[in-house]
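Written below as structure tokens is the structure these notes are about.
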Amino acid sequence: MKNTVAIYVRLSKEDLDSGERDSESIQNQKSMLFNYAADRGWQIYNIYCDEDYSGAYSGADNKRPEFNRMINDASQKKFDIILCKSQSRFSRNMEVVEQYIHGRFAEWGIRFVSLIDNADTEIKGNKKSRQINSLINEWYLEDLSDNIRAVFKHKMEQGEFLASFPPYGYSKDKNNKNHLIINPNTAPVVKQIFEWHSEGYGAAKISRMLNDKGIPNPRKQQELDGLRKTYMYSPEESGRWSTTTIGDILNNQVYCGDVVQHTVEKVSYKSTVLKKVDCEERIIIRNMHEPIISREVFEETQLRLSKHRKATGTGKVHILSGKVFCHYCGKPMQKNHGVSSKAGHVGYLRCRDKYSYAAKDRCPTPNIRIDYILEALQIKLIEKFKDMAVDNLDDEFIAELLNKSDDKHVLLEAELSNLKKEQEKISNNQRNLYADRLNDIISVEEYLNYNKGFIERINEIDKRIAEIEKQLNKKADTQNHKNVKKALVNFLETKCIDREIIDYLVERIEFGEINEETGNPMLKIFWAWD
């Protein structure tokens, strides 16, 4: 039947945010379009209604169920007119307007009409005005997006918590949804996670211990608390903890009382794709709610995590993990399987790439027993502090001990310069390697093998550069002074080496080949006060 019309109405979140809900209401649109069609004697085939669906970003139209049903019916020529209040109700996206209104509708014999902006594909010369409308709609969306972002940013800078769900361990205050309060059911779990980590347990082991106890994971807890409309787990499931979830909790500054926001953002107002925000651009407001852990505990946790240590089969990292490096290649030495001895099973360290190359290309660094290094550390500390009493470890002594000398800064700056030169050299080698592959001088397998080594070394250089720059920019650190004092008191009282002493007193240990004259391996210890 000629002049059969499909009415399409839509109301989205953008309209709510811009205050247009009343004027753009579904009922308002339907009434206006009914009258318009009746005045012209058009027969209404169907009404397609999408409420709370956006027409803004790329891909949004695919998520509008009624829009898609209408397009499918249009392709089957079930009507010959589509009627909307305005072109923006159909879509605010220029690409969609071009695809359908100026493309497929013409192929299908569908006329498009909108009331407010007088868009009508039957009128010749009307196309340019429709395209101008599309451009204005794009500008409107961009301005609206900028305004909404500005409002959200202002709220974030005031310390208001804006996320949909509170972090695990917290609840939203019933009197102020933008304020966090401690959840008495889950906060103890967060505290336990930090305590286990301080005892040397890695994320994998912690997740297993929580799973063994049957403690619901954060997503399951949200379901139990009624915060989720959809359910991922069945009633009998507790939800499995993962290493990623544990890592997120250990790295989350919210637990020491701070609100951390603007960690991700959309790549554009037309996209739902999110990208991570650089650390310096994140919005962090301190002391906005009651902490679950102290700031001291959080900072100590970050120090341990920065070492990127890997747990052993027991779930605990070995005592020297992340501290010992090969003197020749600079790569970290890793714990290997123990070797038999009269004393039993003894762990030892070896250069990570010890057996990755042919014998002639290997570092001359031998394997070294862990207990040998611990004994050397113990002897050195006893020797340095043999005349020191615990009562003499006052703040003035620690401050003087940790005073970084100009000589060390010079050495660090020289190392930094050499690392950056090596970075450039490796980049040139990678370009030459790629050229060799393009010219078929080397095979794909050879290219991948060689390039893998380059990538690994670049990553190591990047980490070391970050460490050096942090040391060069480091100012007097009160917390660091407290940690060093605490570790020294511990050592003077026990004369034993534990992980805390190594964390706070030892910056780095380098190990090299055995001296032929003395029969002893090269062992260089860099202390916190060197």
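Since the model is a prediction, treat every value here as computed from it, not as a measurement. All values below come from the heavy atoms of this structure, side chains included, with hydrogens, waters and symmetry mates left out.
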Go through Met333 and Phe511 one step at a time and tell me if the side-chain contact (heavy atoms from CB on, under 4.5 Å) criterion holds.
CA-CA 9 Å; Met333 296 187 71; Phe511 180 69; 3.9 Å; yes
Which distance, rounded to the nearest 0.5 Å, do you find between the CG of Asn483 and the CG of Leu505?
10.0 Å
Output yes when Glu223 and Arg219 qualify as a salt bridge under the 4.0 Å nitrogen-oxygen rule, no when they do not.
yes
Atom NZ of Lys463 and atom CG of Asn459: how far apart are they, to the nearest 0.5 Å?
6.5 Å
Can you list the residues that meet the ring-ring contact (aromatic ring centres under 6.0 Å, His included) rule with His289, with sequence neighbours excluded?
Tyr170
With distance as the sole test, does Asn490 use its side chain to make a donor-acceptor pair with the main-chain N or O of Lys486 at under 3.5 Å?
no
Answer yes or no: is there a donor N or O on one side and an acceptor on the other, between the side chain of Gln261 and the main chain of Leu162, under 3.5 Å?
yes
Can any side-chain N or O of Asn251 pair as donor or acceptor with the backbone N or O of Gly247 at less than 3.5 Å?
yes
Which pair of heavy atoms, one from Pro366 and one from Gly512, lies closest together, and at what distance?
CD-O, 3.4 Å
Side chain of Glu469, backbone of Ala466: donor and acceptor closer than 3.5 Å?
no
Determine whether Asn451 and Ile455 make a side-chain contact, defined as any pair of heavy atoms from C-beta on separated by less than 4.5 Å.
yes
Ile193 and Leu210: CA distance, side-chain angles, deciding distance, side-chain contact (heavy atoms from CB on, under 4.5 Å) verdict
CA-CA 9 Å; Ile193 289 171; Leu210 292 172; 3.9 Å; yes
Report yes if some heavy atom in the side chain of Val260 is under 4.5 Å from a heavy atom in the side chain of Ile285; otherwise report no.
no
Check ring-ring contact (aromatic ring centres under 6.0 Å, His included) between Tyr168 and all other residues, then give those that pass, not counting sequence neighbours.
Trp241
Got a second to check how far Ile206's CD1 is from Ser242's OG, nearest 0.5 Å?
12.0 Å
For a 4.5 angstrom cut-off between non-hydrogen side-chain atoms, does Val324 reach Pro332?
no
Measure the spacing between CD1 of Ile502 and CD1 of Ile373 and express it to the nearest 0.5 Å.
9.0 Å
Taking the six-membered ring of Phe325 as reference, does the cationic atom of Arg508 (NZ for Lys, CZ for Arg) lie under 6.0 Å from its centre and within 45° of its axis?
yes
Report, as yes or no, whether the 6.0 Å neighbourhood of atom NZ on Lys495 holds more than 12 heavy atoms from other residues, nucleotides or ligands.
yes
Minimum heavy-atom distance Asn211-Gly239, with the two atoms named:
OD1-O, 4.0 Å
Within the structure provided, determine whether Asn432 and Gln430 are in side-chain contact (heavy-atom separation under 4.5 Å).
no
Which heavy atom of Lys172 sits nearest to which heavy atom of Lys177, and what is that distance?
CD-O, 3.3 Å
side-chain contact (heavy atoms from CB on, under 4.5 Å) evaluation trace for Val259 with Val254
CA-CA 5 Å; Val259 173; Val254 72; 5.7 Å; no
Closest heavy-atom pair, Val190 versus Gly169, reported as atoms and distance to 0.1 Å, is CG2-CA, 4.0 Å
Side chains of Leu180 and Pro167: closer than 4.5 Å at any heavy-atom pair?
yes
Between atom CD of Glu456 and atom CD1 of Ile461, what is the distance when rounded to the nearest 0.5 Å?
12.0 Å
Minimum heavy-atom separation for Cys256 and Pro291, please, with both atom names.
C-CB, 3.5 Å
Nearest non-hydrogen partners of Ile501 and Cys496, listed with the distance:
CD1-O, 3.1 Å
Can any side-chain N or O of Glu507 pair as donor or acceptor with the backbone N or O of Lys323 at less than 3.5 Å?
no
Is a salt bridge present between Arg457 and Glu460, judged by a nitrogen-to-oxygen distance below 4.0 Å?
yes
Taken in chain and number order and not counting sequence neighbours, the residues that satisfy side-chain contact (heavy atoms from CB on, under 4.5 Å) with Thr243 are Ala203, Ala204, Ser207
With side-chain contact (heavy atoms from CB on, under 4.5 Å) as the test, would you mind laying out the steps for Leu492 and Phe385 before giving the verdict?
CA-CA 8 Å; Leu492 291 178; Phe385 298 101; 3.9 Å; yes
Can you check whether Ile465 reaches Leu416 side chain to side chain, under 4.5 Å on heavy atoms?
yes
With a 4.5 Å cut-off on side-chain heavy atoms, are Ile509 and Trp527 touching?
no
Asp225 side chain vs Leu227 backbone, donor-acceptor pair below 3.5 Å:
no
Around atom CD of Glu237, are there more than 12 heavy atoms of other residues, nucleotides or ligands at under 6.0 Å?
yes
Any side-chain donor-acceptor pair under 3.5 Å between Gln221 and Asn217?
no
Tyr450 meets the ring-ring contact (aromatic ring centres under 6.0 Å, His included) criterion, sequence neighbours left out, with none
Does the side chain of Ile368 reach to within under 4.5 Å of the side chain of Tyr348, using non-hydrogen atoms?
no
Can you name the residues that form a side-chain hydrogen bond (donor to acceptor under 3.5 Å, both in side chains) with Asp258, not counting sequence neighbours?
Gln253, Arg295
Those residues that, when tested against Ser198, pass side-chain contact (heavy atoms from CB on, under 4.5 Å) (two or more places apart):
Arg304
Once rounded to the nearest 0.5 Å, what's the spacing between atom CG of Leu320 and atom CD1 of Ile497?
9.5 Å
Between Gln423 and Asp462, is any side-chain donor less than 3.5 angstrom from a side-chain acceptor?
yes
